[in-house]
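Chain naming here is simple, since letters A, B, ... match the order of the sequence lines and numbering starts at 1 in each.
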Number of protein chains: 2
Amino acid sequence: MYLRAISFLQQQAREYVSSQDLADQLHLKSPQIRKDFSYFGAFGVKGTGYHVDTLIGRIRDILKLSSIQKAALIGAGRLGKALALYPGFGMYGFEIVEIFDSSPQKIGKKIGNTKIKSINDLGDMEEQGIRLAILAVPSEAAQEVADRLVESGIRGILNMAPCYITVPKRVRVQTIDIAMELGILPYYV
Amino acid sequence: MYLRAISFLQQQAREYVSSQDLADQLHLKSPQIRKDFSYFGAFGVKGTGYHVDTLIGRIRDILKLSSIQKAALIGAGRLGKALALYPGFGMYGFEIVEIFDSSPQKIGKKIGNTKIKSINDLGDMEEQGIRLAILAVPSEAAQEVADRLVESGIRGILNMAPCYITVPKRVRVQTIDIAMELGILPYYV
DNA sequence: CTGTGCTTGTGAATGTGAACACAAGCACTG
DNA sequence: CAGTGCTTGTGTTCACATTCACAAGCACAG
Ligand SMILES: NC(=O)c1ccc[n+]([C@@H]2O[C@H](COP(=O)([O-])OP(=O)(O)OC[C@H]3O[C@@H](n4cnc5c(N)ncnc54)[C@H](O)[C@@H]3O)[C@@H](O)[C@H]2O)c1
Ligand SMILES: NC(=O)c1ccc[n+]([C@@H]2O[C@H](COP(=O)([O-])OP(=O)(O)OC[C@H]3O[C@@H](n4cnc5c(N)ncnc54)[C@H](O)[C@@H]3O)[C@@H](O)[C@H]2O)c1
């Protein structure tokens, strides 16, 4: 969240930012931000604020986003297609290098410059340096595909299906349930 | 989250569920679940668990998801198209009744059964009983469109653009930044 | 109708994160 | 070089959420 906000400031050629500025932008309190940054090691300048470039570098290092991270996309349906063509992953240094699907109609076709391969040709992801996967298959297939991904050496899964998937401890899953997020709104409205 | 998990059990014709069962499924501790449900008012049966149908009804009531909620979609791009055709909103009682875009190439075309209208014909959402909007426009346009939505009487916005938008206090915003969620993974991997 | 086995509901203890308040420090001015 | 204005870093306080532990209660069996 900080990385996104501060990258935005970088684009505007801002050199320094104060905790108060960030707090206003992110709708947080300024001590919160100073405490967080202090855990990274102190590098703010009293009276001036934090050096934007330094801050971005530090956060990227901590999040291990300094080097390009390869990712595989599973499921070339409506959502999968949108994700495959989404340029926003680039900002965090992600690159979708493989797309897999199970549908014979889709295998062999291309999305952008990437050819859709059969899920049966998943192979060894670890060997290819692909540690992340984006899962955009129907809920019913999510667990089965996750199992295959784990077997192939994937270490992190971004799950777009509205269901829990079970994986070994060494694998990290992050689930986004878009409908659920929308479901939060009526309560407050 | 509870609603999703328990709806799943309902589909499997499960009649009762214990806090322990749910805890295992959601990777939580069972007292957490009992505490949460106790805030809703006690209605579990000792020795048996919670009645699935009653629980779902209660949670839907609290979240104001008992009646159908109309929603407008803004932005008929790649993501917008996927969202417009996504059946998963139905589970929470949502229905996308209007689609708006600014591109002359898209206005007038249909996605599913819904015609894409011009953003200039937004009109009065409140009058039409539309209180929610899904925002799937480029980041640069997000704030401007949000302002127009607020003006038209929208009360809740699901923002898919990777940026903060500022709205009056009476309006609630929920932002999903898909790339950011993926950005969390490398740290743990 | 009594005993056994679960499961709930909740007071108390624990853990954790946010907010406050302020000393310390840098920059810039005259 | 002293004075002024901002901003950081952090010890302390506070608030809240999670977890524990256990009495109370229901179902079902014999
Ligand atoms: N469409 C949306 O806007 C949206 C929004 C939120 C969540 N989702 C979720 O994302 C997932 C995909 O949604 P969608 O709308 O793209 O669905 P879709 O039906 O358009 O696409 C699913 C794709 O997955 C492929 N697939 C099915 N089983 C597979 C398997 N075992 N291995 C590999 N590929 C397989 C299908 O061939 C298809 O191409 C679903 O779980 C859905 O709930 C979608
Ligand atoms: N594509 C994805 O998978 C993906 C993933 C995560 C987030 N997002 C975000 O979702 C948003 C949309 O992404 P996309 O890939 O669909 O982009 P897109 O360029 O394909 O579509 C954007 C649509 O918005 C319309 N638009 C532009 N300005 C508008 C305005 N002022 N009023 C109404 N409509 C307007 C455009 O005509 C276009 O149809 C972006 O903010 C993007 O960052 C997309």
Side-chain angles (χ1 to χ4, degrees), chain A residues 1-6 8-10 12-59 61-63 164 169 174-175 180-181 184 187-188, chain B residues 1-6 8-10 12-59 61-63 164 169 172-175 180-181 184 187-188:
Chain A
M1 195 178 69
Y2 288 143
L3 183 56
R4 180 181 59 192
I6 301 162
F8 186 67
L9 293 173
Q10 194 182 37
Q12 301 176 332
R14 245 318 249 296
E15 204 174 344
Y16 284 90
V17 63
S18 72
S19 58
Q20 190 56 58
D21 282 354
L22 273 175
D24 293 346
Q25 218 172 105
L26 298 172
H27 302 115
L28 299 169
K29 299 287 166 72
S30 66
Q32 176 71 66
I33 288 170
R34 291 200 295 278
K35 258 266 157 62
D36 287 343
F37 289 179
S38 80
Y39 293 131
F40 303 166
F43 47 79
V45 183
K46 293 179 211 262
T48 310
Y50 298 87
H51 189 248
V52 168
D53 292 347
T54 310
L55 201 47
I56 290 181
R58 192 81 191 84
I59 297 177
D61 277 352
I62 290 166
L63 295 177
Y164 275 83
K169 275 195 300 295
Q174 198 76 20
T175 297
M180 189 182 83
E181 301 290 331
I184 292 168
Y187 177 78
Y188 296 99
Chain B
M1 195 179 70
Y2 287 144
L3 183 56
R4 180 181 59 191
I6 301 161
F8 185 68
L9 293 171
Q10 194 183 37
Q12 300 176 332
R14 243 320 250 295
E15 204 173 344
Y16 284 91
V17 64
S18 71
S19 56
Q20 190 56 57
D21 283 355
L22 273 176
D24 292 346
Q25 221 172 105
L26 298 172
H27 303 115
L28 300 169
K29 300 285 167 70
S30 67
Q32 176 72 67
I33 288 169
R34 291 200 295 279
K35 257 269 156 65
D36 287 344
F37 289 178
S38 80
Y39 293 131
F40 304 165
F43 47 79
V45 184
K46 292 178 211 263
T48 309
Y50 298 87
H51 189 247
V52 169
D53 293 348
T54 310
L55 200 48
I56 289 180
R58 193 79 190 85
I59 297 176
D61 278 352
I62 290 166
L63 296 177
Y164 274 83
K169 276 195 301 295
R172 181 90 188 185
V173 177
Q174 198 76 21
T175 297
M180 188 182 82
E181 302 290 331
I184 292 168
Y187 176 77
Y188 296 97

Could you check whether B:Phe43 gets within reach of a base, just the sugar-phosphate, or nothing at all, counting any heavy atom under 4.0 Å? sugar-phosphate
Using a cut-off of 4.0 Å on non-hydrogen atoms, how would the nucleic acid contact of A:Ser30 be classed: base, sugar-phosphate, or nothing?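 Touches nothing.
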Using whole Å, report how far [atom1] of [X] lies from [atom2] of [N].
X	N	atom1	atom2	answer
A:Leu22	D:dT7	CG	P	12 Å
B:Ile33	D:dT19	CD1	P	10 Å
B:Asp36	D:dC16	CG	P	16 Å
A:His51	C:dA27	NE2	C1'	16 Å
A:Tyr39	D:dT8	OH	C1'	15 Å
B:His27	D:dT18	NE2	P	17 Å
B:Lys46	D:dA24	NZ	P	10 Å
A:Leu28	C:dG17	CG	P	15 Å

Counting side-chain heavy atoms from CB outward, which of [options] is closest to [X]?
X	options	value
A:Gln32	C:dA18, C:dG9, D:dG9	C:dA18
A:Lys29	D:dC26, D:dT18, C:dA19	C:dA19
B:Ser38	C:dA18, D:dT8, C:dT10	C:dT10
B:Ser18	C:dC26, C:dA19, C:dT7	C:dT7

With no hydrogens and no angle check, just 3.5 Å: does a side-chain donor-acceptor pair link B:Arg34 and B:Ser30?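 Yes - a donor-acceptor pair under 3.5 Å links their side chains.
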Answer with yes or no whether the side chains of B:Asp24 and B:Gln20 bring together a donor and an acceptor at under 3.5 Å. yes
Any A:Ser19 side-chain nitrogen or oxygen under 4.0 Å from OP1 or OP2 of D:dT8: yes
Looking at B:Tyr50, does any N or O in its side chain come under 4.0 Å of the phosphate oxygens OP1/OP2 on D:dC26?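 It does not, given that no N or O in the side chain of B:Tyr50 lies less than 4.0 Å from OP1 or OP2 of D:dC26.
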Side chain B:Lys35 and base D:dT18 donor-acceptor under 3.5 Å: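 It does not, because no donor-acceptor pair links the side chain of B:Lys35 to the base of D:dT18 below 3.5 Å.
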Go nucleotide by nucleotide along DNA chain C from the 5' end; which of A:Gly47 and B:Thr48 gets its closest nucleotide reached first?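 That would be B:Thr48.
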5′-ward residue of the pair A:Val45/B:Gly44 relative to DNA chain C: B:Gly44
Measure the shortest side-chain to side-chain distance between A:Met1 and A:Leu28 over non-hydrogen atoms and say whether it is less than 4.5 angstrom.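 Yes - at least one pair of side-chain heavy atoms lies under 4.5 Å apart.
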How many angstroms lie between CD1 in B:Ile6 and OG1 in B:Thr54, if you round to the nearest 0.5 Å? 11.0 Å
Relative to the ring of A:Phe37, is the ring of A:Tyr50 parallel (under 30°), tilted (30 to 60°) or perpendicular (over 60°)? perpendicular
